[in-house]
Engineer: 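Provided herewith is a single structure, encoded as structure tokens, for subsequent inquiry.
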Amino acid sequence: MQHLDPSQSGTPEGPLQQIEWLVDALTREPDAWALFLDIDGTLVDIAPSPDAIVVPPDLPGHLVALSRRLNGALALVTGRALPYADKLFQPYELPVAGLHGAERRMVDGSVDAVAATSAFEEVKAALAAAAGQWPGVLVEDKGAAVAAHYRQAPEWRDEVEKAMEFYLLQAGSDFTLQRGKMVFEIRPARANKGSAVQSYLEEAPFRGRRPIAIGDDVTDEEMFRIVNRMGGHSIRIADAPGGTEARGIIASAEDLRQALARAATAGDGSEFPSSTSLPSSLKGRTA
Ligand SMILES: O=P(O)(O)OC[C@H]1O[C@H](O[C@H]2O[C@H](CO)[C@@H](O)[C@H](O)[C@H]2O)[C@H](O)[C@@H](O)[C@@H]1O
Ligand SMILES: [Mg+2]
């Protein structure tokens, strides 16, 4: 079989070619690839606030079906806390790296978590109090990380950035400032999305496969760099105002969802069953 190598067709390609390449690679060579997917802006559309996102009802089932096709070599790599990511895709528990890679559930279900210290709890409380001066700015407590969102009050952007730089100093050198889409976050510095992908690739069933990483934001650039270096492929969703290391672009989260649904259901001969009709015994397992 001719290997489906993204570099052979001369990247970067147009969004439609990326979609066709992705569907083809995942369906024709399911044993060759490992898939790493960001959540916000990639699997689900960006919403006005963190809790306003909508997970399309078919998406969890499609992800699980695709994971089974890849023999379990599919992981979510997100800035969300791990329990929140699980809630989005319940009743299934996929391998997830949360807090931008700082915490991670392995394929066997064991979790490498990171706890908030009492000192960090104080930082979060001080930030929440300060945010009272910025109407419309939302503070998202993620346990060992905290985000300040200015999407609904962009006029406070510079104030929020200055404050987050200050609170980062209070939090100490175990933390770093993560910029994102209309958000500043203070998160554990011990890992990033790229190192999380590397860790997965050391474990079965990811080991020995070529990685494909798909994301939409600056935090995903770390995984793009890693997968590019490892001979894999990287795809960024939509806009990349500051440039990107991704080798390909797909226009929207909706386009990606449709591509993943096609890859999940290809060859079934029938429409894929809805997520609710998949056995709940898949909870915590994907293969
Ligand atoms: O790595 P991701 O899965 O993409 O998560 C990154 C951050 O996503 C969330 O914030 C972003 O999405 C919100 C909902 O669409 C949006 O309102 C906000 O402006 C975006 O920044 C999430 O709230 C963060 O915790 C994640 O780190
Ligand atoms: Mg994202």
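Treat the numbers as computed from the prediction; the structure is a model and nothing was measured. In listed order, ligands and their atoms are each counted from 1.
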Engineer: Does ligand 1 have any atom sitting under 4.0 Å from a heavy atom of H100?
Structural biologist: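 Yes; H100 lies near enough to ligand 1 that a heavy-atom distance drops under 4.0 Å.
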Engineer: When the ring planes of W21 and W33 are compared, do they come out parallel, tilted or perpendicular, using 30° and 60° as the limits?
Structural biologist: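 Rings of W21 and W33: perpendicular, as their planes differ by over 60°.
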Engineer: Do D217 and K193 sit within salt-bridge range, that is, some charged N less than 4.0 Å from a carboxylate O?
Structural biologist: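 Judged by the 4.0 Å cut-off on N to carboxylate O distance, D217 and K193 do not form a salt bridge.
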Engineer: Considering only heavy atoms, which of V218, D51, I53 lies nearest to atom 14 (C) of ligand 1?
Structural biologist: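 Nearest option to atom 14 (C) of ligand 1, by heavy atoms: I53.
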Engineer: Report whether any nitrogen, oxygen or sulfur of D217 sits less than 2.8 Å from the Mg ion (ligand 2) (N, O or S, backbone or side chain).
Structural biologist: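 No, since none of the N, O or S atoms of D217 sits under 2.8 Å from the Mg ion (ligand 2).
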Engineer: Yes or no: does Q178 have any heavy atom under 4.0 Å from an atom of ligand 1?
Structural biologist: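 For ligand 1, residue contact (heavy atoms, under 4.0 Å) with Q178 is absent.
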Engineer: With the Mg ion (ligand 2) as the point of reference, which N/O/S atom of D38 is the closest?
Structural biologist: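 The atom in question is OD2.
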Engineer: Salt bridge between R262 and E20, side-chain N to carboxylate O under 4.0 Å?
Structural biologist: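 Here R262 pairs with E20 in a salt bridge, since their nearest N and O are under 4.0 Å apart.
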Engineer: Charged N to carboxylate O under 4.0 angstrom, E165 versus R179?
Structural biologist: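 Result for this pair is yes, salt bridge flagged.
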Engineer: How far is atom 10 (O) of ligand 1 from its nearest protein heavy atom, and which residue and atom name does that atom have?
Structural biologist: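 It is H149 CE1, 3.4 Å.
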Engineer: Quick check on D217 - does any of its heavy atoms sit under 4.0 Å from an atom of ligand 1?
Structural biologist: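 So D217 does not count as touching ligand 1.
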Engineer: What I want to know is whether R151 and ligand 1 share at least one N or O pair that is separated by under 3.5 angstrom.
Structural biologist: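 Yes, R151 has an N/O under 3.5 Å of an N/O on ligand 1.
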